[in-house]
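Since the structure comes first, as C-alpha cells, the remarks are kept for the end.
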Amino acid sequence: MRLLRFVARRLLQLVPVLFGVVIVTFLLVRVLPGDPIRSILGPAATEADVAAAQARYGLDQPLWRQFLDYLQGLATGDLGTSIQSGGSVGAELAVRIGPTLELVILSLAVALLLATTLGIWSARRAHRLGDHSIRVVALAGNSLPDFWLGLVLILVGYSMLGWFPPPAGRIEPGTGLTTITGAELVDATLTGNGEAFLSALRYLILPVATLSIVITAPLLRSVRASALEVLHSPAYTAAAAHGLPDRLLRRGYLVRAALVRLPPLAALVFGFGIGSTVLVEFVFSWQGFGQWALRGLLFRDYPVVQASVLVIAACYVLVFLIADVVQAMLDPRVRVDG
C-alpha cells in the first residue's frame, strides 16, 4: 500500500510539471526566429496567401487566445493541426511514436543486459586483462558518434557481409502486417504474423546495436563501481568467510546490491536514447518520432514541436517514476513514504 500511495502521489506531482512544460514550450517556439507559414509557403507566396494561412491555423489571433485554444485542445486530446501537412498532429504522432519507443526500449533492454553481465564480470576480475579490455571497449563505444557507428554497421553488416536488410524502412513490403500500435515487432506478435516478426526483427538489429553500444558504457561503469563496493564491503567479506557457495554470494549479495544505482541512470539513458534516435533514424531511414520532430522544428511547425516536447517530457517523468519504484523495490532503505 505504501508503494501504491507513493506512485499515486508522484503521478499527481507530474501534473504541474507537465503544465509548466506546456507553458514554456508554447512561449519558446513563438520567440524563435522564423515564420512557419512563410517557411512552408515559400518566397513566392503573396501577402494574401500568408494571411489566409495564418487565419486557417489561428496564428492571426493574440498570443493569449492561441494559448487558451491550445489548452482547450489538450483538454480534449486534440494536439492541433500540422502546418506542414495539414493533418492531425495526434494521428501523425500515433503512427510515429510506436516504432521509436520500440527501438529505444529494445536498445535499453540490450544495454542493461550487457552492462549488468559485463559490469559484474569485470568487477570480479578487477585490474586483470579482462577487466581492462571491457573498460577500453566501453570507453570506445561511448566515444563514438552514434551516426558514424550506424554507418559503419551498415557498411559491414549490409554492404560487406549481406547479413542484414538495407537501411530503408522498418519491414519488408508484402508481409501482410496489420498495423495496431505502429511498432512492427509488437504488431507482428499481437497478430501472430511470423513472417512479419522475422522481417521486423532483421530491420531492428542494426539500429538497436547502434544505440545499445552507445548507451551501454555509462551503465556498465555504474554497475562495475557498485559491484566493486559490494565485493569490498564487510558484509560480503563475512559472508564469503563463512563459506557460502559462490552462486549464493553472487545472487544474494552481489547482483542485487550492484543494481541499486542502476534505475535512475537507466532513466537518464532512456531520455538520451530518445534524443539520439534523431540521427539514428536518419541514418537508417527509420521514419519515426525523431525525424518527425526534427522536421517540425526545422519548419517551425508549432503544433508538432509542442506535441514533441510534451511527449518527451511525459516519457522522461514516467520513466523516472518507474526508476524510483524499481529502486525502492531493490533497496529497502529508500523511503517511499516521504
Side-chain angles (χ1 to χ4, degrees), residues 8-101 104 181-182 270-271 274-275 277-278 281-282 287-321:
R9 191 164 56 248
R10 289 292 304 272
L11 285 174
L12 288 176
Q13 292 173 355
L14 300 185
V15 176
V17 173
L18 293 179
F19 187 67
V21 170
V22 167
I23 296 175
V24 172
T25 307
F26 180 87
L27 295 175
L28 281 181
V29 295
R30 279 161 176 77
V31 299
L32 289 174
D35 186 336
I37 299 298
R38 293 187 183 277
S39 298
I40 292 169
L41 293 183
T46 65
E47 290 300 324
D49 295 333
V50 172
Q54 288 178 334
R56 187 184 315 142
Y57 295 105
L59 299 179
D60 58 339
Q61 299 295 318
L63 197 60
W64 66 268
R65 184 67 200 176
Q66 294 181 40
F67 183 64
L68 289 180
D69 290 342
Y70 175 51
L71 286 183
Q72 188 177 8
L74 279 182
T76 59
D78 181 9
L79 295 174
T81 302
S82 170
I83 300 174
Q84 295 177 73
S85 63
S88 166
V89 171
E92 293 181 1
L93 178 63
V95 174
R96 301 281 187 158
I97 192 66
T100 297
L101 285 179
V104 175
T181 65
F270 180 86
I274 289 182
T277 56
V278 174
E281 287 180 359
F282 184 78
Q287 299 300 324
F289 173 78
Q291 282 189 286
W292 179 70
L294 179 62
R295 277 200 295 273
L297 187 61
L298 290 176
F299 285 98
R300 304 290 188 271
D301 194 339
Y302 297 155
V304 171
V305 176
Q306 291 165 179
S308 304
V309 175
L310 184 59
V311 167
I312 292 174
C315 287
Y316 253 108
V317 294
L318 286 175
V319 167
F320 269 100
L321 171 61

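What's counted below: heavy atoms across the whole structure, side chains too, no hydrogens, waters or symmetry copies.
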*Under the salt bridge (charged side-chain N to carboxylate O under 4.0 Å, His left out) test, residues paired with D69 that sit two or more places apart*: R65
Just so I know, are the side chains of [X] and [Y] near enough to count as touching, which here means a heavy-atom distance under 4.5 Å?
X	Y	result
L294	F282	no
L14	L318	yes
V29	L297	no
I37	I83	yes
L79	Y70	no

_Atom pair CD (Q291) and CG (L298), whose distance is rounded to the nearest 0.5 Å_ = 11.0 Å
*Which pairs pass side chain to side chain donor-acceptor pair (under 3.5 Å) with one or both residues in residues 297-316, sequence neighbours excluded?*
R30-Q306, S82-D301, Q84-D301
*Among T25, V21, L27, which one satisfies side chain to side chain contact (heavy atoms under 4.5 Å, CB included) with I23?*
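Result for side chain to side chain contact (heavy atoms under 4.5 Å, CB included) with I23: L27.
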Counting only pairs under 3.5 Å, give me each side-chain donor-acceptor contact of residues 88-100, with atom names and distances, residues two or more places apart or in other chains.
unit_1	atom_1	unit_2	atom_2	d
S88	OG	G90	N	3.4
S88	OG	A91	N	3.3
E92	OE1	W292	NE1	2.9
E92	OE2	S85	OG	2.4
R96	NH1	Q287	O	3.3
R96	NH1	Q287	OE1	3.4
T100	OG1	E281	OE2	2.5
T100	OG1	F289	N	2.7

Return the minimal non-hydrogen interatomic distance between [X] and [Y], and the atom names on each side.
X	Y	result
L59	P36	CD1-CG, 4.3 Å
F270	C315	CE2-CB, 4.1 Å
Q66	Q61	NE2-O, 2.8 Å

*In this structure, are over 12 heavy atoms from other groups packed under 6.0 Å from F67 atom CZ?*
yes
